[in-house]
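Atom set for the values below is all heavy atoms of this structure, side chains included, hydrogens, waters and symmetry mates excluded. Lettering of chains follows the sequences in order, A, B, ..., and the numbering in each one begins at 1.
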Amino acid sequence: MRLSRSFVPTLKEIPVEAQIVSHRLMLRAGLVRQTAAGIYAWLPAGFRVLQNIAAIVRAEQDAAGAQELLMPTIQPAELWRESGRYDDYGKEMLRLQDRHERDLVYGPTNEEMITDLFRQSIRSYRELPQIVYHIQWKFRDEVRPRFGVMRGREFLMKDAYSFDLDYDGAVISYRRMMLAYMRTFRRMGLKAIPMQAESGPIGGNMSHEFIILAPTGESEVFYDAAFEEIDYSASGFDIFSADDLDRFAGLMTRHYAATDEKHDPALWAELAPERQRRGRGIEVGHVFYFGSKYSAAMGFSVAGADGRPVAPEMGSYGIGVSRLVGALIEASHDEAGIIWPDAVAPFRAAILNLRQGDAACDRLCEALYAKLDHAALYDDREERAGVKFADADLMGHPWQVIVGPRGAANGTVELKRRASGERQELALESALARIL
RNA sequence: CGGAGCGUAGCGCAGCCUGGUAGCGCAUCAGUCUGGGGGACUGGGGGUCGUGGGUUCAAAUCCCGCCGCUCCGACCA
């Protein structure tokens, strides 16, 4: 993109309403604009980040054997009456009526709907297990939206649903999603720690929150240093091997990890002091096992091997895609602005033309832009060097290719790494080689 | 939902107390000079003062209603 012709409205001053860094930086870097309380429009650069995050989530869900589909945002109230949540959910659920005065809701989640879809078509135990997911906008009418996109009312979420014939199968699905989550967050450059959210009804650790560490996080977290050492990478575990998943789950649940709400000082004290880690964290994912709660309530059963009906065991698995944009910034920024991890950056590199109109500078920049294409944001504005530096740092592109009259004369550019600040004078081809 | 506060130009704010026909910085537009970390000068443009009503000769300013937004607390992908 050429910045001179792009809708990337950066701000020099901090909008008053934004209290936390990620929100301030998202507004200043021109990623989002607020439309109503807790409701945001995603501008081109912000939307690219959102898409990049969704792509990583999608890739890891697919790799775990989950199937992508797309359910609607608007749901008939009838489904929610069946499960009993129409009354339970309270004011957080946005309710509306169509022209025929039929009750509808804007979906805050999709357990009812997916259960309905499965009961329409799945009849036999032979068709299980299955995991499906979608990445869709949700609406929860929070009493008090805040922290920008981190606690918005409208948000983009990946939610997956697993269906298994029995408990043992459900455990495997649950662990498979946990491993997929660890890989997902790791690919984004985040350190995530699964923390027990509540004891499952059957006694296992069957509800976990995934917390990423960020100094400005909303809750205090306590964890074993072991989490800094575990390697969740692809090499270690086969996501389709029940044995590997068992080994993985052991690693995830063997060590102490808890948010302040679940913190147990007695257990904590048993951990050697040099292995105790405290920090602050943000919840970016949540996995639940809830058995046949919805399948039973909504009359979904399949024929078991003996021909008798069985209510499948279910789980649901969420990742806050739009929240992750804020969380990533909370975890990675400095005084000058955002520091995007390479995997999610809206642009891999910014090309800074320090002397727009200078023949040598223009020629070099155009050559770079032609090669980098959509991976680059070309700052071709008629602005002074300082403005371009400040905006590039603010927007946080992993690389900056600085093209000024000094080097342009003999064909070199300066390559700056945003994260480290390291700069290097290079020939155009070498700079390209390092970026791509 | 309880408590507090704010709404004046794109952004940040002053003016309100003590009514008299709207101002500052940044941004923006034109021009000149400048040119490697948010430049200087000159000259422009832009506001039904959130909204409806009331008081008054006169309302951004005083009074009432409504709407919106923010912050603190209880709640959460």
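When the C1' atom is compared between C16(B) and A22(B), the two are found 12 Å apart, to the nearest whole Å. Across the C1' atoms, G31(B) and C71(B) are found 46 Å apart, a figure rounded to whole Å. To the nearest whole angstrom, the two P atoms, one in U61(B) and one in C6(B), are 15 Å apart. The gap from the C1' atom of G36(B) to that of U21(B) amounts to 49 Å, rounded to the nearest Å. With both ends at atom P, the span from G19(B) to C1(B) equals 38 Å, rounded to whole Å. Here, G20(B) and A58(B) have their C1' atoms 7 Å apart, quoted to the whole Å. Spacing of C1' atoms, C41(B) relative to G53(B), comes out at 49 Å, to the nearest Å. Nucleotides C63(B) and G10(B) are separated by 33 Å at their C1' atoms, to the nearest Å.
In this entry A77(B) has no Watson-Crick or G-U wobble partner, no candidate having both defining distances under 3.5 Å. With a cut-off of 3.5 Å on both Watson-Crick or G-U wobble distances, the partner of G2(B) is given as C72(B). Pairing for C41(B) is with G31(B), a Watson-Crick or G-U wobble pair whose two hydrogen-bonding atom distances lie under 3.5 Å. Summarising the base pairing, G36(B) is matched to no nucleotide, lacking a Watson-Crick or G-U wobble pair whose two defining distances lie under 3.5 Å. If you check G20(B) for Watson-Crick or wobble pairing at under 3.5 angstrom, you find it paired to C57(B). Searching all strands for a Watson-Crick or G-U wobble partner of C26(B) with both distances below 3.5 Å returns G10(B). Within the shown strands, G50(B) is the pairing partner of C66(B) under the Watson-Crick or G-U definition, both distances less than 3.5 Å.
Between the side chain of D358(A) and the base of G35(B), no donor-acceptor pair of N or O atoms lies under 3.5 Å. A donor-acceptor contact under 3.5 Å is not formed by the side chain of Q356(A) with the base of G35(B). Put simply, the side chain of E383(A) and the base of G38(B) share no donor and acceptor less than 3.5 Å apart.
Between the P atom of A77(B) and the CE atom of M195(A) lies a distance of 15 Å, rounded to the nearest Å. The nearest whole Å value for the distance from the CZ atom in F139(A) to the C1' atom in A77(B) is 14 Å. To the nearest angstrom, P of A40(B) lies 9 Å from CZ of R384(A). For Q19(A) and U70(B), the CD to P distance is 10 Å, given to the nearest whole Å. For F288(A) and C76(B), the CZ to P distance is 10 Å, given to the nearest whole Å. For the pair F147(A) CZ and C69(B) P, the computed distance is 18 Å after rounding to whole Å. Protein atom CZ of R418(A) is 17 Å distant from nucleotide atom P of G37(B), rounded to whole Å. Counting to the nearest Å, the P atom of C76(B) and the CG atom of D260(A) are 13 Å from each other.
Here E13(A) lies in heavy-atom contact (under 4.0 Å) with a base. Residue L352(A) is out of contact with every strand shown, counting any heavy-atom pair closer than 4.0 Å. Counting any heavy atom pair closer than 4.0 Å across all strands shown, K91(A) reaches sugar-phosphate atoms only and no base atom. Residue V16(A) is classed as a sugar-phosphate contact, given heavy-atom separations below 4.0 Å to backbone atoms only. Across all strands, D159(A) comes closer than 4.0 Å to no nucleic acid atom at all (heavy-atom distances). Across all strands shown, G326(A) has no heavy atoms under 4.0 Å from either base or sugar-phosphate atoms.
Contact annotation: the side chain of V132(A) approaches that of F118(A) to within less than 4.5 Å [non-hydrogen atoms, C-beta and beyond]. Contact annotation: the side chain of P108(A) approaches that of W80(A) to within less than 4.5 Å [non-hydrogen atoms, C-beta and beyond]. In this structure, the side chains of M178(A) and Y317(A) stay at 4.5 Å or more apart for every pair of heavy atoms.
Aromatic rings of F155(A) and W137(A) (six-membered ring for Trp) have centroids beyond the 6.0 Å cut-off, not under it. Between Y174(A) and Y289(A), the ring center distance fails the sub-6.0 Å criterion.
Nearest-nucleotide assignment on RNA chain B puts the 5′-proximal partner with R355(A), out of R381(A) and R355(A).
Among C71(B), A77(B), G38(B), the nucleotide with an atom closest to any side-chain atom of R151(A) is A77(B). In this structure, the nucleotide among G38(B), A77(B), C72(B) sitting nearest to the side chain of M157(A) is A77(B).
A salt bridge links E111(A) and R85(A); the closest N-O separation between the charged side-chain nitrogens and carboxylate oxygens is under 4.0 Å. A salt bridge does not link E422(A) to R417(A): none of the charged side-chain nitrogens sits closer than 4.0 Å to a carboxylate oxygen. A salt bridge links E60(A) and R187(A); the closest N-O separation between the charged side-chain nitrogens and carboxylate oxygens is under 4.0 Å.
Side chains of Q130(A) and Q67(A): a donor-acceptor N/O pair is present below 3.5 angstrom, by distance only. Between the side chains of Q34(A) and Y40(A), at least one donor N or O sits under 3.5 Å from an acceptor N or O.
At A27(B), one or more side-chain N or O atoms of K12(A) fall inside 4.0 Å of OP1 or OP2 (strictly under the cut-off). For A77(B), neither phosphate oxygen OP1 nor OP2 lies less than 4.0 angstrom from any side-chain nitrogen or oxygen of K158(A).
Stacking here means ring centres nearer than 5.5 Å and ring planes tilted less than 30 degrees, and by that measure F389(A) does not stack onto G38(B).
Of the residues in residues 23-57 of chain A, those lying under 4.0 Å from RNA chain B by heavy-atom distance are R28(A), Q34(A), A36(A), A37(A).
Among I114(A), T115(A), L79(A), the one residue that satisfies the side-chain contact (heavy atoms from CB on, under 4.5 Å) test with Y294(A) is T115(A).
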